[in-house]
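The structure appears right after this line, and notes come after that.
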Amino acid sequence: MYKIGIIGAGPGDPELLTLKAHRYILEADVILHDNLVSDDILKLNTHGERVYVGRKFGDTTDQKERQNTINELLAYHYQQGKKVIRLKSGDPYIYGRAAEEARYLKENTLPFEVIPGISAALAAANICNIPVTERHQSNAMLICTAHTADYSFEQLNGIAAMLKAGNTISIYMGLKSLHRIVPKLIAVCNDTEIPVNAISNVSRKGQQIVTATLSTIEKTIAEISLEMPVVFIIGANPI
């Protein structure tokens, strides 16, 4: 029996797709895709219907209503006998909202499978040779989001404690909130020289990396045109 696919498209390079994700994409009759899924990946399927259900920075549409629509579309197309997939950038369970869709499908007894993808931080670390864990250097990496830029003191202490211990953190959706996040990290860590890497368009044409420190990253980024999406890796220098 065919299953609805919740697919991780990875950072954008089609060659970084898993074999299973590639197969699901090729076979799909309907592709519900996010904003950051690359054109190169969408073009792999030459016959299916593409339905854009993404969200861009600054989008003020009601998110609950949008998610309900996506859930209903998955069910509708499946019940019409079509091979339908939900195509997400990165990994479905890392800021991909796959949980909401998986719960809906399970509650409605619709068969589905979640296919992992390479998340942006892990792809950036490998492509740009940034050792996020390394013997005698770092034994952990924290993935977090700056989307709300509203960490509690307790949360910020936890993040800063990892940096102080020599570990790394990656921050998603942080470009527009950098002016609020960086001062908090500096204040708690009491260290302005912690390395910061900002990687734009990971694995795609136009990929760019900027490496600075907590004290200089804002000025460095302001001097160039860094295109979203951007992922930050803090606490490790590129090799």
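Atom set for the values below is all heavy atoms of this structure, side chains included, hydrogens, waters and symmetry mates excluded.
Here the closest heavy-atom approach between residue I233 and residue A121 is recorded as CD1-O, 3.6 Å. A pairwise comparison of heavy atoms in A120 and Y172 identifies N-OH, 3.5 Å as the closest pair. Looking at every heavy atom in both residues, L17 comes nearest to A9 through CD2-O, 3.5 Å. Shortest non-hydrogen contact noted between V202 and A124 is CG1-N, 3.7 Å. Across all their heavy atoms, P92 and A98 have their closest contact at O-CB, 3.2 Å. Minimum interatomic distance between L226 and L175 (heavy atoms only, all atoms of both residues): O-CD2, 3.8 Å.
With sequence neighbours left out, E134 forms a side-chain hydrogen bond (donor to acceptor under 3.5 Å, both in side chains) with no residue at all. In this structure N201 satisfies the side-chain hydrogen bond (donor to acceptor under 3.5 Å, both in side chains) test with no other residue, sequence neighbours excluded. Scanning for side-chain hydrogen bond (donor to acceptor under 3.5 Å, both in side chains) contacts around Q80 gives an empty result, with sequence neighbours left out.
When side chains are defined from C-beta on, D191 does not count as touching L214, because their heavy atoms never get closer than 4.5 Å. Counting heavy atoms from C-beta outward, N129 and P238 have side chains that stay 4.5 Å or more apart. Looking at L110 and Q79, their side chains come closer than 4.5 Å, going by heavy atoms from C-beta outward. Residues V132 and S170 have side chains not in contact (no heavy-atom distance under 4.5 Å, counting atoms from C-beta outward).
A side-chain donor-acceptor contact under 3.5 Å links N45 to the backbone of A28. Under a 3.5 Å cut-off, the side chain of D29 and the backbone N or O of K83 do form a donor-acceptor pair. Checked by atom type and distance alone, the side chain of H77 never pairs as donor or acceptor with a backbone atom of E72 at under 3.5 Å. A donor-acceptor pair under 3.5 Å is formed between the side chain of T18 and the backbone N or O of A21. Judged purely by atom type and a 3.5 angstrom limit, N197 uses its side chain to pair as donor or acceptor with the backbone of A236. In terms of modelled atom types and a separation under 3.5 Å, the side chain of D91 and the main chain of G117 share a donor-acceptor contact.
When only modelled atom types and interatomic distance are considered, Y104 and Q67 share no side-chain donor-acceptor pair under 3.5 Å. A donor atom on one side chain and an acceptor atom on the other are found under 3.5 Å apart for Q63 and R66.
Residues M141 and I127 fall within the same hydrophobic cluster, defined by Ile, Leu, Val, Met, Phe, Trp and Tyr side chains chained together at heavy-atom separations under 4.5 Å. Under the 4.5 Å side-chain heavy-atom criterion for Ile, Leu, Val, Met, Phe, Trp and Tyr, Y78 and I115 are members of distinct hydrophobic clusters. If you chain together hydrophobic residues whose side chains sit under 4.5 Å apart, L178 and I159 fall into the same group. The same ILVMFWY cluster, assembled from side-chain heavy atoms under 4.5 Å apart, contains both I199 and I94. No continuous path of ILVMFWY side-chain contacts below 4.5 Å connects I85 to V30, so the two sit in separate hydrophobic clusters.
When the options L74, V114, L105 are evaluated for a side-chain contact (heavy atoms from CB on, under 4.5 Å) with R86, the one that passes is L74.
For the pair E227 and R204, the salt-bridge criterion is not met [side-chain N within less than 4.0 Å of a carboxylate O]. Salt-bridge formation is not detected for the pair E107/R103: no Lys NZ or Arg NE/NH1/NH2 atom is positioned less than 4.0 Å from an Asp or Glu carboxylate oxygen.
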Stepwise side chain to side chain contact (heavy atoms under 4.5 Å, CB included) test for Y95 and M173: CA-CA 10 Å; Y95 305 122; M173 298 169 278; 4.0 Å; yes
Evaluation steps, side chain to side chain contact (heavy atoms under 4.5 Å, CB included), between L142 and N167: CA-CA 8 Å; L142 173 68; N167 296 302; over 6 Å; no
Stepwise salt bridge (Lys or Arg N to Asp or Glu O under 4.0 Å) test for D34 and R55: CA-CA 7 Å; D34 279 344; R55 178 174 180 263; over 6 Å; no
L73 vs V84, side chain to side chain contact (heavy atoms under 4.5 Å, CB included): CA-CA, chis, key distance, verdict: CA-CA 9 Å; L73 284 171; V84 57; over 6 Å; no
Test log, rule side chain to side chain contact (heavy atoms under 4.5 Å, CB included), inputs I224 and Q208: CA-CA 11 Å; I224 63 172; Q208 188 174 6; 3.7 Å; yes
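Atom OH of Y76 has 12 or fewer neighbouring heavy atoms from other residues, nucleotides or ligands inside a 6.0 Å radius. Heavy-atom neighbours of L19 CG from other residues, nucleotides or ligands within 6.0 Å: at or below the threshold of 12.
Here the OH-CD distance, from Y24 to E113, works out to 4.0 Å after rounding to the nearest 0.5 Å. Distance check: M162 CE to T168 OG1 gives 6.5 Å after rounding to the nearest 0.5 Å. Taking CD of E15 as the reference point, atom CD1 of I41 lies at 11.0 Å (rounded to 0.5 Å). Distance check, rounded to the nearest 0.5 Å: OG of S38 to CG of D13 gives 8.0 Å. Here CD1 of I25 is found 6.5 Å from CD1 of I7. Values are rounded to the nearest 0.5 Å. Separation of atoms CD1 (I171) and CD1 (I143) is listed at 12.0 Å; rounding is to 0.5 Å.
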